[in-house]
Structure formats: structure tokens, C-alpha cells
Amino acid sequence: MSGEDVDWEKLYQDDFTPWDAKKPDSHLMELVAEKIAQPCRMLELGCGTGTNAVWLAKQGFEVIATDLSETALKLARAKEDSGLCTFIHADFLKEPVPGADFKFIFDLGCFHGIGRKEDRALFARKASECLVDEGLWLSISGSSDGPEFGPPRISACDITAAAEPCFEILSLKATELDEVEKEENDEFSLPPGFRIRAWACLMRKRAKEDFE
Ligand SMILES: C[S@@+](CC[C@H](N)C(=O)[O-])C[C@H]1O[C@@H](n2cnc3c(N)ncnc32)[C@H](O)[C@@H]1O
């Protein structure tokens, strides 16, 4: 799956969502368990069917979660406890997100799907504009060090090139995406035990004067 020009709405309509783990992301859970991300007003970008948004809300976060797919958001809103979150339909690259006062941003597989480097830089700049000074962004992306199938893959350099003007990189860890349980007749089959290489990047918004 290339990162460029993915028709996300069509993939959700076709029920082709091999990334949808239906359980909270382990990297996110670790960050919360370590109290690096503490309950606050937060934004999830590309929330898909809302699993992480709902989990975060249940941990006490005030969650605004956005996605450009109406179908994904419909599935998210149908989830138990979805009323704890505010789901917003928006293309993050093109439309504003209400508020610039978030303390934490989470994205799993949204930033990495932005194929053009100019758009990744725009995405990072917009993410920084949504955050308070020193706000955190945890981004989980497929890694270009893995073989060429599965999710979009980006390099460490792609991440830092886009993010560093507005964010300090606090950690950039080579990791693996969580395993997604296969459903019957799943068309997207990975070899048994195969794990998709990934980056977990934790960033802190620079004070404005640092990047202006
Ligand atoms: C690989 S899926 C991951 C979904 C969810 N985070 C998960 O892990 O199940 C990427 C998601 O980002 C959304 N997305 C992609 N580009 C976006 C954009 N520019 N603005 C908002 N959402 C976007 C897609 O609709 C899709 O739901």
C-alpha cells in the first residue's frame, strides 16, 4: 500500500482495514502507564474506528479524534463508550481542527500515509499549531527498513525532516506494529509470526521562537 493518494474512505467502505487492531496500541499504553502522557485535552489524528480514542477517554483524557473517512467515524461512533470522545470529520491537511490548546497528539498510521515530503512537513507544522508549547506528539509509523508490503513505510529521516523544524525529537525508537488479529477470509495475509517494522517517535513542540 503506497502512502500516496490512498482512498481511505473506499477502503473502509470495502471493509478492507488490515491495520485495525481493535485493541489499544501498546506504545500508547506504555506512554500512559509511564505517565509521560497524563490525562489532558488531547487530539488523535486519523483515529479510524476509534479504538485508541475510546481507550484514552476511559483513562481520563479529553479526546478530540479526527479522521477524513465518514465510514470510519460512523464505526467509531457506534462503539461502546464512544460518547466519551468528540469525533470530528476533517482532512487534517486541509481543514482546521478546533482549538490550539492540546497537550498531547497521538497518531497511529496517519502521518506515515502522507506520501509527499512537503505534505509531511505541513502535517507536522499543523500538529505543532494545535499544541500548547511543549505539548507532546506520539507518532507510530511503518518503517522503510521493513520489506515492501503492508502499510506505508517511511524512514527515520522522513520523520525528522518533517518534524524537526517544529518539534524536538525526544525519542525515535525502532519497533514493530502491534499484531492485528486476522479475521476469516482475510485477504491481507502476512507470513505467520511476521511483524511489521515501525517507528515510535515521541516529539515535543518547540517554543515558538525556536522555529520562527
Ligand atoms: C492506517 S489507518 C489507521 C487508523 C487508526 N489510527 C488505527 O490504527 O486503526 C490511517 C487513518 O488515517 C486517516 N487519514 C489519512 N489521512 C488523513 C488526513 N489527511 N486527515 C485525517 N485523517 C486521515 C485515514 O482515514 C485512516 O483512518
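Indexing begins at 1, ligand by ligand and atom by atom, following the structure's order. Remember, predicted model here, so these are calculated numbers, not experimental data.
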Do you know the tightest heavy-atom contact between L28 and L138?
CA-CD2, 4.0 Å
Side chains of E9 and T71, donor plus acceptor under 3.5 Å:
yes
Donor-acceptor pair, W199 side chain versus I154 backbone, under 3.5 Å?
yes
Please list all pairs passing the salt bridge (charged side-chain N to carboxylate O under 4.0 Å, His left out) test where one or both residues lie in residues 62-86, with sequence neighbours left out.
R41-E62, K58-D81
Give a table of atom pairs where an N or O of ligand 1 lies under 3.5 Å from a protein N or O.
{"unit_1": "ligand 1", "atom_1": "6 (N)", "unit_2": "G46", "atom_2": "O", "d": "2.8"}
{"unit_1": "ligand 1", "atom_1": "6 (N)", "unit_2": "L108", "atom_2": "O", "d": "2.9"}
{"unit_1": "ligand 1", "atom_1": "19 (N)", "unit_2": "D91", "atom_2": "OD1", "d": "2.9"}
{"unit_1": "ligand 1", "atom_1": "20 (N)", "unit_2": "F92", "atom_2": "N", "d": "2.8"}
{"unit_1": "ligand 1", "atom_1": "22 (N)", "unit_2": "L68", "atom_2": "N", "d": "3.3"}
{"unit_1": "ligand 1", "atom_1": "25 (O)", "unit_2": "D67", "atom_2": "OD1", "d": "2.5"}
{"unit_1": "ligand 1", "atom_1": "27 (O)", "unit_2": "Y12", "atom_2": "OH", "d": "2.7"}
{"unit_1": "ligand 1", "atom_1": "27 (O)", "unit_2": "D67", "atom_2": "OD1", "d": "3.3"}
{"unit_1": "ligand 1", "atom_1": "27 (O)", "unit_2": "D67", "atom_2": "OD2", "d": "2.6"}

Partners meeting ring pair (Phe, Tyr, Trp, His ring centres under 6.0 Å) with F106 (sequence neighbours left out)
none
Under the ring pair (Phe, Tyr, Trp, His ring centres under 6.0 Å) rule, what pairs show up with a residue in residues 52-98, not counting sequence neighbours?
F92-F123
